[in-house]
Amino acid sequence: MTPTSPRMAYVAVPFALLCAAAAAAAMPLAGDDQLALYVLALTPAALIGCYVVAQGVLGDRHFGAVMAVIYIFVAAAIFRIRDYDDKSIDIQVAAKLGSFAMIFATSALFYSYAIGRLRLPRLFYAWLAFFAALVGCSLYAVKVPFALTCSLLFLACYLYAVHLCVWLTQRVAIQVMMCAALLLCVGSIFVYYAIPSIGVMQAWTAEGGFGEIGRMKGLTGSANGIGFIAAFGAAMAILYFRSVDFFGRCVALALIPSALVCLVLSNNRSSMLALAAALWVGFVFRRNAAPKILMTLTAGMVAATALVFFSDEIFALLSRSGRAEEITSATGRSAIWSVVLDMWSQKPFTGYGYTSALAILPLDPRLFHVAAHAHNMYLELLFGGGLFLLALFLFALWQTLRQAIRSGAVNEAALLVVFILRGLTEATPFSGMVGYASIAFALTLALVIAPLVRARAAAAPVSAAGPAPAPRESYP
């Protein structure tokens, strides 16, 4: 057994002994001691869980990957329904806070090791400056505690994503995201049919009532949320199918049909378009790009000609309501964009603070109550942080695309296209609390940054000791 192989034997044997001891100890318990019985039975699992979590935090690659899947799943999933005004800390909120706490701890330990040992590239610091500005914009938001929580957690996810790609390798990080997407998609399909109150989206119907509208929201709380997870998961599974190992390919084969089912049931057209664009980029620019681009331009001209003569019919066909106005107004988003730009013009350089759209836009008399954000990633940043924040974002995004093109990272460029295009109609991943989309965005950036870190480490190894001692068999 090599030092880096999973020490499963050291886990399985003590776990079996603990289970046997718990079973023997539970035998004398009377029937009215159910609580004690449950606690005693769960003790072995809790002890092993603590061991796995600790090893993942300390840098064990195998346990780290397992815990990363759990962290991402817990951060993205919603298992219960409660009133919007209910902000109490229940078991789900506690689980999410625990996951983010472990993400903070893992990132802190890794970067305490990395200081003095790894030379991080300028691209890493460009995005670090952006997330620092995001935290700064939270200080004058309408709801400062909420905004600070969202921005700091986003920063932690960015640092954690770089840790995943550098320490666990890019291949493992990709498989982690695919595993989390598979769990979310399969779980969403289950609750969609078995527990419609959780899995089916509810909204105002055409008849004026409030009820189920048939769109899947699954374990994410919104149809657009599960639509993004399905699109991003399918994109990763298809683009990286040849790059992952046997386990990764098995996950990809299970994820692709599950994601497509969720994409169809969620009826999230922006995610469908983003997935198609990402696959097109991955197909066209991998090799022999010129003839593929020419073919695409020809098909685009044909489609544009058809749109000129049959625009109403095509838009009505693409809409959910059968009305062309639904498409031409971007499902009512044009009215929101107009209000956002009008309000931004009053504070063009600083904006209103990160996540302030959640508190300001629903109160505007020109809009409706559910217009909780700008429904555009760029306008969301403009509204929250003004020109300064948007300029930082566009600069870092351009540098990332430039580096991806320069290094031939076609898959990473294709994943960036998902966010660039979907950001035209959705504020994700800057719409509020951190979830799967936020981690996916951070991981996409990390996939471009990680090769630069390894190249610098190989070219100029640094032997200076870091401030923290390296755990045994973890950070060597």
Side-chain angles (χ1 to χ4, degrees), residues 4-6 8 11 48-49 52-53 55-57 59-79 95-96 98-100 102-103 106-107 157 160-191 218-220 225-263 271 275 278 411-412 415 418 429 434-447 450:
T4 58
S5 64
M8 293 302 177
V11 178
I48 298 301
V52 172
V53 170
Q55 289 299 310
V57 171
D60 184 278
R61 287 182 170 91
H62 301 279
F63 291 132
V66 172
M67 294 312 303
V69 174
I70 296 175
Y71 297 154
I72 296 170
F73 177 80
V74 172
I78 296 176
F79 306 100
K96 290 180 182 292
S99 296
F100 287 123
M102 292 299 101
I103 287 176
T106 306
S107 301
C157 289
Y160 184 67
V162 174
H163 153 261
L164 289 179
C165 291
V166 172
W167 181 246
L168 301 185
T169 73
Q170 292 170 269
R171 176 179 58 81
V172 174
I174 291 165
Q175 293 179 176
V176 164
M177 291 301 293
M178 289 198 302
C179 287
L182 177 61
L183 291 176
L184 290 167
C185 287
V186 172
S188 295
I189 294 173
F190 172 77
V191 298
L219 293 177
T220 63
I226 188 60
F228 171 82
I229 294 172
F232 189 83
M236 292 197 81
I238 296 172
L239 292 171
Y240 292 98
F241 186 81
R242 297 183 179 181
S243 303
V244 296
D245 56 20
F246 176 75
F247 172 77
R249 293 181 181 181
C250 292
V251 173
L253 290 175
L255 175 58
I256 292 172
S258 303
L260 293 179
V261 169
C262 291
L263 199 58
S271 294
L275 173 60
N411 291 342
E412 288 74 21
L415 292 182
V418 173
V434 170
Y436 185 92
S438 309
I439 301 172
F441 180 73
L443 186 92
T444 303
L445 305 179
L447 289 173

Item to complete: Could you tell me which non-hydrogen atom of L253 sits nearest to which non-hydrogen atom of P257, and how far apart they are?
Response: O-CD, 3.0 Å
Discussion item. Quick check for you: to the nearest 0.5 Å, what is the distance between C157 atom SG and L445 atom CG?
Written reply: 12.0 Å
Discussion item. To the nearest 0.5 Å, what is the distance between CZ on F232 and CD1 on I229?
Written reply: 10.5 Å
Worksheet item: Any side-chain heavy atom of S99 sitting closer than 4.5 Å to one from F73?
Response: no
Worksheet item: What are the two closest non-hydrogen atoms of A65 and V176, and how far apart are they?
Response: O-CG2, 3.8 Å
Discussion item. I want to check something: taking the side chain as every heavy atom from C-beta on, are T220 and F228 in contact at a cut-off of under 4.5 Å?
Written reply: no
Discussion item. Is there a side chain to side chain contact (heavy atoms under 4.5 Å, CB included) between V172 and L164? Walk through the geometry before answering.
Written reply: CA-CA 8 Å; V172 174; L164 289 179; over 6 Å; no
Fill in: Spacing of C185 atom SG and I256 atom CD1 [to the nearest 0.5 Å]
11.5 Å
Worksheet entry | Non-hydrogen side-chain atoms of L219 and I226 separated by less than 4.5 Å | no
Fill in: Atom of A230, atom of C262 and distance for their closest heavy-atom approach
CB-CB, 3.9 Å
Item to complete: Check whether any side-chain N or O of Y160 sits under 3.5 Å from a backbone N or O of F100 as a donor-acceptor pair, and report yes or no.
Response: no
Worksheet, complete the sentence: Nearest heavy-atom contact between Q170 and E412 is NE2-OE2, 4.3 Å
Discussion item. Taking L239's backbone N and O only, do any of them form a donor-acceptor pair with N411's side chain (distance below 3.5 Å, no angle check)?
Written reply: yes
Practice prompt. To the nearest 0.5 angstrom, please state how far the CD1 atom of I439 sits from the OG1 atom of T444.
Written response: 11.5 Å
Worksheet item: Nearest heavy-atom pair of S243 and R171: which atoms, and what distance?
Response: O-CD, 3.7 Å
Item to complete: Apply the test side chain to side chain contact (heavy atoms under 4.5 Å, CB included) to residues M67 and M102: give CA-CA distance (whole Å), side-chain angles for both, the deciding distance (0.1 Å), then the verdict.
Response: CA-CA 9 Å; M67 294 312 303; M102 292 299 101; over 6 Å; no
Worksheet entry | Where K96 and A75 come nearest, the two heavy atoms and their spacing | NZ-O, 2.9 Å
Fill in: Separation between CD1 of I70 and SG of C179, rounded to the nearest 0.5 Å
11.0 Å
Worksheet item: Is there side-chain contact between Y240 and Q175, with at least one heavy-atom pair below 4.5 Å?
Response: no
Practice prompt. Check step by step if side chain to side chain contact (heavy atoms under 4.5 Å, CB included) holds for I174 and L447.
Written response: CA-CA 9 Å; I174 291 165; L447 289 173; 4.0 Å; yes
Worksheet item: Which distance, rounded to the nearest 0.5 Å, do you find between the SG of C165 and the CG of L443?
Response: 4.5 Å
Discussion item. Evaluate M178 against V244 for side chain to side chain contact (heavy atoms under 4.5 Å, CB included), listing each step before the verdict.
Written reply: CA-CA 11 Å; M178 289 198 302; V244 296; 4.1 Å; yes
